[in-house]
2 protein chains.
Amino acid sequence: MAEIQSLARGLKILNLLEHSRNGMGTTEVANQLSIDKSSASRLLHTLANYGFVEQDEYSSRYTLGPQLLTLGQHLLNRITLRDHARPYLHELVDKTGECAHLAILAQRQALYIDQVESTAALRVESEIGTLSPLHCTALGKVMLAFGDCCMPDEMKPFTHRTVTDRSTLEAQLTQTGARGYAIDDEEYNYGVRCVAAPVYDHRGALVGAIGISGPAGRVTLERIDEFGSVVKDTADALSTRLGYDAKLRRRADADK
Amino acid sequence: MAEIQSLARGLKILNLLEHSRNGMGTTEVANQLSIDKSSASRLLHTLANYGFVEQDEYSSRYTLGPQLLTLGQHLLNRITLRDHARPYLHELVDKTGECAHLAILAQRQALYIDQVESTAALRVESEIGTLSPLHCTALGKVMLAFGDCCMPDEMKPFTHRTVTDRSTLEAQLTQTGARGYAIDDEEYNYGVRCVAAPVYDHRGALVGAIGISGPAGRVTLERIDEFGSVVKDTADALSTRLGYDAKLRRRADADK
DNA sequence: AACAGTGTTGTATTTTTGGCAACATATACA
DNA sequence: TGTATATGTTGCCAAAAATACAACACTGTT
């Protein structure tokens, strides 16, 4: 597990520069990494040669370079949500023991585009490709609470717990927004509880939701917050993976 | 100008991986760079440690990693079109000797958001913040030809050369699209000719246009193609600087 | 079952690097 | 204005780190 020191140092410099607002000087970089000025200078020059950093002509401070943009952009083209979500779905299954799902918004409904099944004998199965209503599923409520789609026209009841009242749903949605994850408490299928959280892309736009579904016996109301934070953390990790920057969201919120 | 070899090699690897569709194996990388397998292996491991590449669990091939996305995204937030366009405007002034302008689309007009003045005694000046019509300015025609905005409702004449006929303008726009730059031949101000070309952002969307304006005596019809290619090349360079990938555009065209 | 292909890991050599110092230049201060 | 403290860059040589070679483990193929 030998690391190439000079390469590692170069990469550390890139990471450093990310967190500096106005770029950094050679000395500053050297101090942060506890290396000599001369080393920092040469590393920075090499990075600059390849466009990974660039030096302001006059202030001679270094900032991240355009090559990173090129490479990052290139990467984006190759990304498909489903491919990237898969390991996170597995993670959810590992941590919760319940089935995990990925859904996107399509035709004003929640479209299941992937699932990872748990190994438990008693488990909830749902087919990939299925469209589900927004108002009574955890994945759907995520779309409503965090996305920019409008409220459903009709709210058909599926169980006696299904919320069919618009104002009740809106109250649930603000609650959902506040805590960061949505809950479906036997509102779509009897005996099934679901928890889901939003997934954002690199631009901070909602691209989908991931969540878990399990029998009410295991996904109890007492433990549901615990499940909630697991789901939320996992969803956040996936968003980061897609290039989502938390700061971006804050800025977007501020714009409103 | 000593380069840190191992860092340079690491960066070269990143550039290599950009151009490979399904990632690359250790041996492949080593051959491409004419280095030993073992060196490639260690470099790749170091890159992976910092998330700049990642190794597929089963195929063990390497692809670009999420860290590049993070850094690239971060960079985007800092970018403002105007800041980045400035050096290119200077470049235009240096190469052509005429004033250079940057405009974006706003309220269905061309909004001048920056200019760099030439040092020539006789020069065209226009104020930053001015809105100009689309149908009779080079910058405006760029918006019409390369952007997705619709045709202006009315086409007011400013000189006797102003095109006020819709079909004539459309013919001009297809010509503009074909050659990659737009021309204003004394259609807005007497004695002034302008040339402009489109600027695309990292997503391949038109974000603005840059161009030059000069007295008809210097910007002659004979030399206008020469100016055109300079402007186009500079605009393309700026687009690349903003993370625009030529391949992206081609794909977008193919989609139509 | 032998083989050609991967990717990874020891190890000795030697090249490359990194720190020291000196230098040049810029900014602050009196 | 001159002095003083920053900064960033460059020569140099010792020293350490990277390299290439080789051996190894593993996979899939003929």
Side-chain angles (χ1 to χ4, degrees), chain A residues 1-68 78 87, chain B residues 1-68 78 87:
Chain A
M1 179 87 72
E3 238 185 32
I4 305 280
Q5 191 189 56
S6 43
L7 175 54
R9 286 183 172 180
L11 301 180
K12 280 180 190 164
I13 289 179
L14 294 178
N15 285 334
L16 261 189
L17 288 177
E18 181 192 355
H19 299 294
S20 81
R21 176 142 279 281
N22 301 320
M24 295 176 76
T26 307
T27 314
E28 207 175 342
V29 169
N31 289 337
Q32 289 281 333
L33 296 181
S34 307
I35 61 177
D36 195 80
K37 284 192 302 181
S38 64
S39 304
S41 179
R42 283 184 254 255
L43 289 167
L44 284 164
H45 273 285
T46 306
L47 287 168
N49 279 348
Y50 291 86
F52 285 77
V53 303
E54 63 184 358
Q55 187 173 25
D56 185 271
E57 183 137 17
Y58 291 101
S59 74
S60 74
R61 292 172 74 82
Y62 290 91
T63 54
L64 293 180
Q67 185 62 16
L68 288 166
R78 303 233 180 296
Chain B
M1 181 79 74
E3 235 183 35
I4 304 279
Q5 192 188 57
S6 43
L7 174 55
R9 286 183 173 182
L11 302 180
K12 281 179 190 163
I13 289 179
L14 294 179
N15 286 334
L16 260 190
L17 288 176
E18 181 192 356
H19 300 294
S20 82
R21 175 143 278 279
N22 301 320
M24 296 176 76
T26 307
T27 314
E28 207 176 341
V29 169
N31 289 338
Q32 288 281 334
L33 296 181
S34 306
I35 62 178
D36 196 80
K37 283 192 302 181
S38 65
S39 303
S41 179
R42 283 183 251 256
L43 289 167
L44 284 164
H45 272 285
T46 306
L47 287 168
N49 279 347
Y50 291 86
F52 285 77
V53 303
E54 63 185 358
Q55 187 172 24
D56 186 89
E57 184 139 14
Y58 291 101
S59 75
S60 74
R61 294 172 72 81
Y62 290 91
T63 54
L64 294 180
Q67 186 62 18
L68 287 167
R78 304 233 180 298

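For A/Gln5, the listed nucleotide lying nearest its side chain is C/dG18; candidates were C/dT6, D/dT9, C/dG18.
Annotation for A/Thr63 and A/Leu17: closest pair C-CD1, 4.1 Å, computed over non-hydrogen atoms. B/Gln67 approaches A/Asn15 most closely through the heavy-atom pair NE2-OD1, 2.7 Å. Here the shortest heavy-atom pairing between B/Val53 and B/Tyr62 reads CG2-CD2, 3.9 Å.
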Grab the N/O contacts between the protein and nucleotides 26-30 of chain D below 3.5 Å, and write none if there aren't any.
none

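Rounded to whole angstrom, the span from the CD atom of B/Glu28 across to the P atom of C/dG7 amounts to 8 Å. With rounding to whole Å, B/His45 atom NE2 is found 16 Å from D/dA18 atom C1'. C/dT8 atom P lies 13 Å from atom CG of B/Leu47, rounded to whole Å. Look at CG on B/Leu43: it is 12 Å from C1' on D/dA17, rounded to the nearest Å. Whole-Å rounding puts the A/Arg61 CZ to D/dA6 P distance at 16 Å. Counting to the nearest Å, the P atom of D/dA17 and the CZ atom of B/Arg9 are 17 Å from each other. Note: CG (B/Leu44) to P (D/dA18) measures 15 Å, nearest angstrom. One can place CD of A/Glu3 at 9 Å from P of D/dA18, the figure rounded to the nearest angstrom.
Residue A/Tyr62 places none of its side-chain N or O atoms closer than 4.0 Å to OP1 or OP2 of D/dT7. Note on A/Gln55: a side-chain N or O is less than 4.0 Å away from OP1 or OP2 of D/dT9. Phosphate proximity of D/dA18 to A/Ser6: present, with a side-chain N or O under 4.0 Å from OP1 or OP2.
Inter-residue side-chain proximity for A/His19 and A/Met24 is flagged as unmet; no heavy-atom pair is nearer than 4.5 Å.
A side-chain donor-acceptor contact under 3.5 Å links B/Thr46 to the backbone of B/Arg42. Checking side-chain atoms of A/Ser6 against main-chain N and O of B/Ser6 turns up no donor-acceptor pair under 3.5 Å.
Remark: A/Asn31 pairs with A/Thr27 by the side chain to side chain contact (heavy atoms under 4.5 Å, CB included) rule, at least two apart or across chains.
One distance of note links CG of A/Leu64 with CZ of A/Phe52; it measures 11.0 Å at 0.5 Å rounding.
For A/Ser41 and A/Thr26, the side-chain atoms include no donor-acceptor pair closer than 3.5 Å.
Taken residue by residue, residues 29-42 of chain B places heavy atoms nearer than 4.0 Å to DNA chain D at B/Asp36, B/Ser38, B/Ser39, B/Arg42.
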